[in-house]
Chemist: 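Have a look at this one before I ask anything.
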Amino acid sequence: MMKKIKEAADFIRGKGVEKPEIGIILGTGLGNLANDVQVEISIEYKDIPHFPLSTVESHSGKLLYGNLGGKKVLVMSGRFHFYEGYSLQEVTFPVRVMKMLGVNYLFVSNAAGAINLDLPKASLMIIDDHINMLPGNPLVGKNLDELGPRFPDMSQPYDAELILKMEKIAAEKGIKINKGVYVAWIGPNMETRAEYRFIKVMGADAVGMSTVPEVIVANHMGMKVAAVSVITDGCDPDNLEPANIDDIIHNAMTAEKDLVLLFESLIQEL
Ligand code: HPA
């Protein structure tokens with residue numbers, strides 16, 4: 001595993017990527033931030049050794065390196081999901097590679113459904129904690145001692161200082177924002193009414209199919225994480241409407257301006 005991580009990092013370095021400070025992973029329908037990056041280098045996932053390939057249509061599958069908010073960023077335009085058939089080690093492989101390249105901050109976005117019905121559609125939710133309900137954990141197996149401890153702490157997986165900064169920026173810029181707990185569910189089907197009831201009882205505010213594996217691995221390696229959900233639909237078990245993927249993507253795109261503004265401002269402040 002270490003050898004594969006190093007080979008991928010060497011390949012990316014060989015393309016001219018130098019000292020990226022911030023890694024960014026963009027969620028479904030949330031690729032627009034990439035347009036604001038002054039891209040210097042663009043690498044297709046399929047060219048990077050040992051990188052999995054993105055299969056979801058609305059994901060473009062490129063690693064972008066360039067300037068954003070005055071910093072060097074490495075953007076994953078298109079992420080890997082467990083439901084696509086990748087192992088959790090594959091899903092999180094790019095985060096390992098980012099750290100190997102020197103990235104110490106990881107910013108993540110995703111599209112999520114509102115379990116807490118006070119969260120409006122097309123609004124943002126800062127993730128301040130998570131529940132891993134995927135059937136596995138990316139850290140299972142031999143520990144990569146070079147990268148982090150066998151039993152990593154998870155008492156504060158989302159950096160408190162970054163959360164405070166995001167709340168301040170949102171208040172200044174008039175961005176509607178909430179804070180809550182994200183649960184990662186396996187998918188790819190949307191959940192049943194009974195599952196939404198169960199998810200609410202377990203203490204989640206929003207549900208999605210990503211983010212948690214990457215955040216676990218980032219914490220394992222001591223990276224500082226900020227993550228934001230874009231609320232795309234309501235998950236009210238007592239009034240559940242059939243899920244409409246076009247609506248979900250539309251709501252993601254509506255909220256995206258706010259997300260881009262938030263992440264760019266946060267990067268400027270680092
Ligand atoms: N579940 C329900 N609604 C959603 C999800 C999900 O995983 N992702 C985006 N909206």
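Atoms within a ligand are numbered from 1 in the order they appear, just like the ligands themselves.
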Chemist: Examine the proximity of ligand 1 to Y83 and report which part, side chain or backbone, both or neither, has a heavy atom under 4.0 Å away.
Modeler: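 It is neither part, as no heavy atom is under 4.0 Å.
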Chemist: Among all protein heavy atoms in this structure, tell me which lies nearest to atom 1 (N) of ligand 1, with the distance rounded to 0.1 Å.
Modeler: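 Nearest protein contact, heavy atoms only, for atom 1 (N) of ligand 1 is E191 OE1, 2.7 Å.
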Chemist: Aromatic rings Y45 and F51: how do their planes relate, parallel, tilted or perpendicular, breaks at 30° and 60°?
Modeler: tilted
Chemist: Taking atom types as modelled and ignoring hydrogens, do the side chains of E40 and Y65 form a donor-acceptor contact shorter than 3.5 angstrom?
Modeler: no
Chemist: Does NZ in K71 sit with more than 12 non-hydrogen atoms of other residues, nucleotides or ligands closer than 6.0 Å?
Modeler: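 Yes.
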Chemist: Please list, in number order, the atoms of ligand 1 under 4.0 Å from a heavy atom of T232.
Modeler: 9 (C), 10 (N)
Chemist: Considering all heavy atoms of both residues, which atom of R197 and which atom of P237 are nearest to each other, and what is their separation?
Modeler: NH2-O, 3.5 Å
Chemist: Check the side chains of N104 and E21 for a donor-acceptor pair under 3.5 angstrom, ignoring hydrogens and angles.
Modeler: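 No donor-acceptor contact under 3.5 Å links the two side chains.
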Chemist: Which residue supplies the protein heavy atom nearest to atom 3 (N) of ligand 1, what is that atom called, and how far is it?
Modeler: D233 OD2, 2.8 Å
Chemist: May I ask you to identify, for A243, whether its side chain, its backbone, both or neither come under 4.0 Å of ligand 1 on a heavy-atom basis?
Modeler: neither
Chemist: Where does V207 meet ligand 1, judged by heavy-atom distances below 4.0 Å: at the side chain, the backbone, both, or neither?
Modeler: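 It is both parts that get close, each with some atom under 4.0 Å.
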Chemist: Under 3.5 Å, is there a donor-acceptor pair between the H220 and R150 side chains?
Modeler: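 Not at all, the side chains of H220 and R150 share no donor-acceptor pair under 3.5 Å.
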Chemist: In the protein, what heavy atom is nearest to atom 8 (N) of ligand 1, and what distance, to one decimal place, separates them?
Modeler: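 Ranked first by proximity to atom 8 (N) of ligand 1 is A111 O, 3.5 Å.
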Chemist: Look at ligand 1 and say whether G187 reaches it with a heavy atom at a distance under 4.0 Å.
Modeler: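 Judged by the 4.0 Å heavy-atom criterion, G187 does not count as contacting ligand 1.
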